Amino acid sequence: MKQTQWWKKSVVYQIYPRSFCDSNGDGIGDLKGIISKLDYLKTLGVDVLWLCPIYQSPNDDNGYDISDYQVIMKEFGTMDDFDELLAQSHTRGLRIVMDLVVNHSSDEHRWFVESRQSKDNPYRDYYIWQESKADGSLPNNWGSWFSGPAWEYDSTTDSYYLHIFSRKQPDLNWDNPRLRDEIFTMMRWWLDKGIDGFRMDVINLISKTEGLPDGPIVNGSGDLSPLVCNGPHVHDYLKEMNAKVLSHYDIMTVGETPNVDVETAHLYTDEDRHELNMVFQFEHMGIDMGPYGKWTDRRFALKDLKEVLSKWQTGMVSSGWNSLYWNNHDQPRVISRFGCDSKQWREKSGKMLATLLHMMKGTPYIYQGEEIGMTNVAFDKLEDYRDIEILNAYHDLVTTRHLLSHEEMMRGIHSKGRDNARTPMQWNDQPQAGFTTGTPWIKVNPNYVDINAKKALANTHSIFYYYQKLIALRKSYDIIIDGDYQLLLPDDEHLFVYKRCLDKQELLVICNFTDQPQTVCLNEEMENSILLISNDEPTAFSKEMTLRPYEARVYYQKAK
Ligand code: NOJ
C-alpha cells in the first residue's frame with residue numbers, strides 16, 4: 001500500500017509522560033493524566049501526539065531503557081489505559097506516534113538476562129560482546145555518551161558488552177537477523193493495535209563499523225560517533241524494516257539521527273528509497289556548543305542559526321522532508337536559549353521563535369510547555385537534578401577529572417541540561433503547578449505562578465493562542481507546506497528574514513532576534529500584501545520598516 005502523506009500537513013505535539021499530568025497523586029505523570037488533557041491538545045489544534053517511551057522500564061534513563069516492549073510502565077498505568085488513550089485520541093482526530101527505542105534495551109530485558117548467562121546462550125548474539133584486548137585492556141577506546149567507557153565488564157562470561165548510553169542500556173546487535181525479526185514482530189503488534197507511527201530513537205546508530213576500531217581522541221576518550229552513526233548496514237536494515245513492517249501501514253516515521261548532514265538525510269528520507277519519512281537533524285542544536293560540548297555555557301550567533309536552518313530548508317527540496325523543532329525532552333527551553341526569558345520579553349520572544357519555525361517547510365514539533373512559553377530552570381543544588389546524563393557528566397568533569405569547576409558545570413547544567421525540559425508541565429498556579437497532588441518526581445519550576453496553562457487559556461493574547469493561530473495558518477495556506485524557501489539578508493546579525501514562494505504567492509517572514517528596534521530595507525514588491533500574523537501592533541509592509549524588539553511579522557501576497 002502506498003503511504004499517504006498526511007504527516008506533511010500535520011503538527012506534532014510531543015509528550016514526556018512522566019512530567020505531563022499525574023492523575024493518581026504518586027508524583028509521576030501517567031496515561032490517565034494524558035487522557036484528561038486531550039481536549040486541551042485538541043484546542044491547541046495539533047494533529048499528532050508523540051509519546052516518549054511508556055513501556056516497562058527500570059528507569060535508569062526515564063524509559064529509554066526498556067525491559068519489556070509490550071508492557072506498559074507500572075507508574076504510567078495499564079494496557080487498558082493505553083487502549084483507552086488511543087481510542088479517545090482517535091475519536092478526537094488525534095493520531096498517536098510511539099517512541100521506538102531499539103538501538104538498545106534495558107539490561108533487565110529478558111533477552112539480555114539470557115544473553116549474559118553463557119557464550120552459547122541462544123540470545124548471546126542479541127547484544128554486542130567482546131573480549132578484552134590481549135593486554136587486558138578494554139575492547140576499544142570508545143567513550144559512552146553518558147560519560148565513562150562504552151564497555152561494561154561482565155564476570156559471568158569474562159567479557160564486555162557495548163553500551164553507547166548508560167551501562168543499563170546495552171546495545172542490541174542488529175547484525176543478527178533473529179533480533180531484527182523479533183523487533184519487526186513487536187512493531188507489527190503495536191501497529192496492529194492502531195497506532196499511527198514511530199519516532200525512532202537514535203535509529204542511525206544501529207549498525208556499527210565492522211571490527212569496532214578505536215575512535216579519534218576527544219576530551220580524553222575515543223569518540224565513537226563516526227564509527228556508530230550512519231554505519232555500513234543502516235540503510236539495509238531500514239529498508240528491510242520498511243518492506244517487512246512500515247510499508248504495510250498508513251503511518252508516519254521520524255528517525256532521531258544525530259550526526260546527520262543534508263546528504264545523509266536524503267538517504268534516509270527519499271521516498272524512492274523506502275526507509276523513513278523524515279529525520280531529526282541536530283545541526284541547529286550544535287551552534288552553541290564549546291570545548292566541553294553542551295556543558296560549556298555559550299550563547300549562539302544568529303548568523304549560525306540562519307546558515308544551518310537555511311541549509312536544511314533549501315537542501316531537502318529535491319527529495320525527503322524536514323522535521324522542524326526547537327525543543328524536545330533532551331534540549332533546554334528555546335525561549336531561554338535563542339530568545340529571552342526575562343519577564344519583559346519572554347512571551348514576545350517565544351512568539352517570535354514560534355513564527356520563525358512554523359512558517360518554514362517541514363513538519364513542526366511542539367514540545368509540552370512550549371505552547372505556554374515555559375523556560376529553563378536553575379536549581380541551586382545538584383541533588384535536585386534527576387537526569388543520568390547531568391549526574392554522570394558532573395561526576396566525570398568536576399569530581400573525577402577536575403576539568404570544570406562546580407560553578408562552571410552548574411552554569412552548563414542551567415543552560416543546557418536535559419532537566420530544563422523535564423520539570424513538570426505547568427497547568428495552573430496551585431501547588432506543584434497542578435501537575436500532581438503528591439510530591440513530583442522532579443521539582444516544578446518556581447515560575448509556575450506566572451507561567452501556566454490556565455493563565456494562558458484565559459488571555460486571548462497569550463502565546464498559547466498564538467501557537468493555535470500558527471497551526472491554523474498551516475492548514476489554510478498551501479504555501480506554508482509547499483512553498484520554496486529563500487533566505488534574505490544572510491549577513492544581518494539581528495534579523496532573520498526569509499521568503500516562501502509558491503506559484504504566484506509569496507510569504508515574507510521577518511523576525512527581530514534582539515531587544516532593540518531594528519530597521520530593515522527590502523527590495524521585495526509586497527505592497528499588496530496582508531499581514532498574516534504578528535506579535536505586535538499590526539503594521540503594513542513598506543520597503544523600509546523598523547521592527548520592534550523581538551517582533552515577528554509575516555506578510556502574504558497572492559499576486560504581484
Ligand atoms: C535519545 C533520547 O532522546 C534520549 O532521551 C535518550 O537518553 C537516548 N536517546 C538513549 O535512548
Side-chain angles (χ1 to χ4, degrees), residues 1-14 41-42 44-50 89-90 93-98 100 191 195-200 203 238 242 246-257 260 262 265-281 284 309-326 328 354-367 467-486 498-503 505-507 509 532 554 556:
M1 182 175 71
K2 175 130 178 43
Q3 288 181 18
T4 53
Q5 302 199 321
W6 48 265
W7 40 269
K8 285 191 176 171
K9 301 180 178 155
S10 297
V11 177
V12 183
Y13 186 93
Q14 182 191 352
L41 297 168
K42 193 65 196 165
L44 182 59
V46 295
D47 309 279
V48 180
L49 308 180
W50 150 27
S89 302
H90 284 171
L94 293 166
R95 290 180 156 102
I96 297 280
V97 163
M98 303 279 284
L100 182 78
L191 290 165
I195 66 161
D196 303 287
F198 289 113
R199 173 269 185 188
M200 304 188 185
I203 198 65
L238 287 176
N242 192 297
L246 308 176
S247 59
H248 301 271
Y249 301 86
D250 176 20
I251 55 171
M252 68 166 261
T253 54
V254 50
E256 188 206 23
T257 53
V260 80
V262 173
H266 275 291
L267 301 179
Y268 289 116
T269 63
D270 181 344
E271 276 166 41
D272 297 334
R273 291 174 51 89
H274 303 287
E275 296 186 22
L276 303 172
N277 296 146
M278 59 188 128
V279 295
F280 289 127
Q281 59 83 17
H284 63 309
L309 290 181
S310 302
K311 182 174 70 181
W312 283 88
Q313 284 292 297
T314 51
M316 295 295 279
V317 164
S318 55
S319 68
W321 187 250
N322 270 315
S323 62
L324 305 171
Y325 74 97
W326 285 135
N328 61 43
T355 314
L356 186 87
L357 196 81
H358 282 253
M359 289 296 123
M360 286 187 168
K361 185 171 184 172
T363 299
Y365 289 72
I366 299 170
Y367 178 68
Y467 267 88
Q468 186 189 55
K469 188 161 178 199
L470 287 170
I471 297 167
L473 285 173
R474 180 166 286 266
K475 304 206 183 312
S476 324
Y477 289 86
D478 285 356
I479 187 170
I480 302 176
I481 296 165
D482 296 319
D484 289 339
Y485 171 97
Q486 190 194 339
Y498 66 88
K499 204 161 98 166
R500 306 279 313 272
C501 299
L502 183 69
D503 307 324
Q505 306 172 64
E506 276 188 13
L507 198 70
V509 182
L532 215 51
V554 180
Y556 170 76

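Atoms considered below: every heavy atom in the structure, side chains included; atoms not considered: hydrogens, waters and symmetry mates. The structure presented is a predicted model; accordingly, all values stated were derived computationally and were not measured.
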Checking [X] side chain against [Y] main chain: does a donor-acceptor pair fall under 3.5 Å?
| X | Y | answer |
| --- | --- | --- |
| Asp270 | Ser319 | no |
| His284 | Tyr325 | yes |
| Asn277 | Thr253 | yes |
| Arg500 | Leu507 | no |
| Thr363 | Ser323 | no |

Would you give the length of the straight line joining atom [atom1] of [X] to atom [atom2] of [Y], rounded to the nearest 0.5 angstrom?
| X | Y | atom1 | atom2 | value |
| --- | --- | --- | --- | --- |
| Leu502 | Asp482 | CG | CG | 6.0 Å |
| Gln14 | Trp50 | CD | CH2 | 3.5 Å |
| Tyr13 | Tyr367 | OH | OH | 9.0 Å |
| Ile96 | Ile251 | CD1 | CD1 | 14.0 Å |
| Ile480 | Met359 | CD1 | CE | 4.0 Å |
| Lys42 | Ser89 | NZ | OG | 10.0 Å |

Looking only at heavy atoms, what is the nearest atom pair of [X] and [Y], with distance?
| X | Y | value |
| --- | --- | --- |
| Lys9 | Asp47 | O-OD2, 4.1 Å |
| Leu191 | Gly197 | CD2-N, 4.5 Å |
| Val260 | Phe280 | CG1-O, 4.5 Å |
| His266 | Gly315 | NE2-O, 2.7 Å |
| Val554 | Thr355 | CG2-CG2, 3.4 Å |
| Lys361 | Gly483 | CD-O, 3.6 Å |

Exercise for the section: Before giving the answer on side-chain contact (heavy atoms from CB on, under 4.5 Å), spell out for Leu238 and Tyr268 the whole-Å C-alpha distance, their side-chain angles and the decisive distance to 0.1 Å. Expected result: CA-CA 8 Å; Leu238 287 176; Tyr268 289 116; 3.6 Å; yes
Handout entry: All side-chain contact (heavy atoms from CB on, under 4.5 Å) counterparts of His90, not counting sequence neighbours
Key =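 Per chain and number, His90 pairs via side-chain contact (heavy atoms from CB on, under 4.5 Å) with Leu86, Asp196.
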So [Y] and [X], do their side chains get closer than 4.5 Å, heavy atoms only?
| X | Y | result |
| --- | --- | --- |
| Tyr467 | His358 | yes |
| Val12 | Met252 | yes |
| Met278 | Asn322 | no |
| Trp326 | Leu356 | yes |
| Pro364 | Arg474 | yes |
| Tyr477 | Leu532 | yes |
| Gln313 | Leu324 | yes |
| Asp250 | Trp6 | yes |

Exercise for the section: Report the residues that fulfil ring-ring contact (aromatic ring centres under 6.0 Å, His included) with Tyr485, sequence neighbours left out, ordered by chain and then residue number. Expected result: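 By the ring-ring contact (aromatic ring centres under 6.0 Å, His included) rule, Tyr485 matches Tyr498.
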Practice task
Scan Leu276, Leu100, Ile203 and name whichever one has a side chain to side chain contact (heavy atoms under 4.5 Å, CB included) with Phe198.
Solution key: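 Single side chain to side chain contact (heavy atoms under 4.5 Å, CB included) partner of Phe198 among Leu276, Leu100, Ile203: Leu100.
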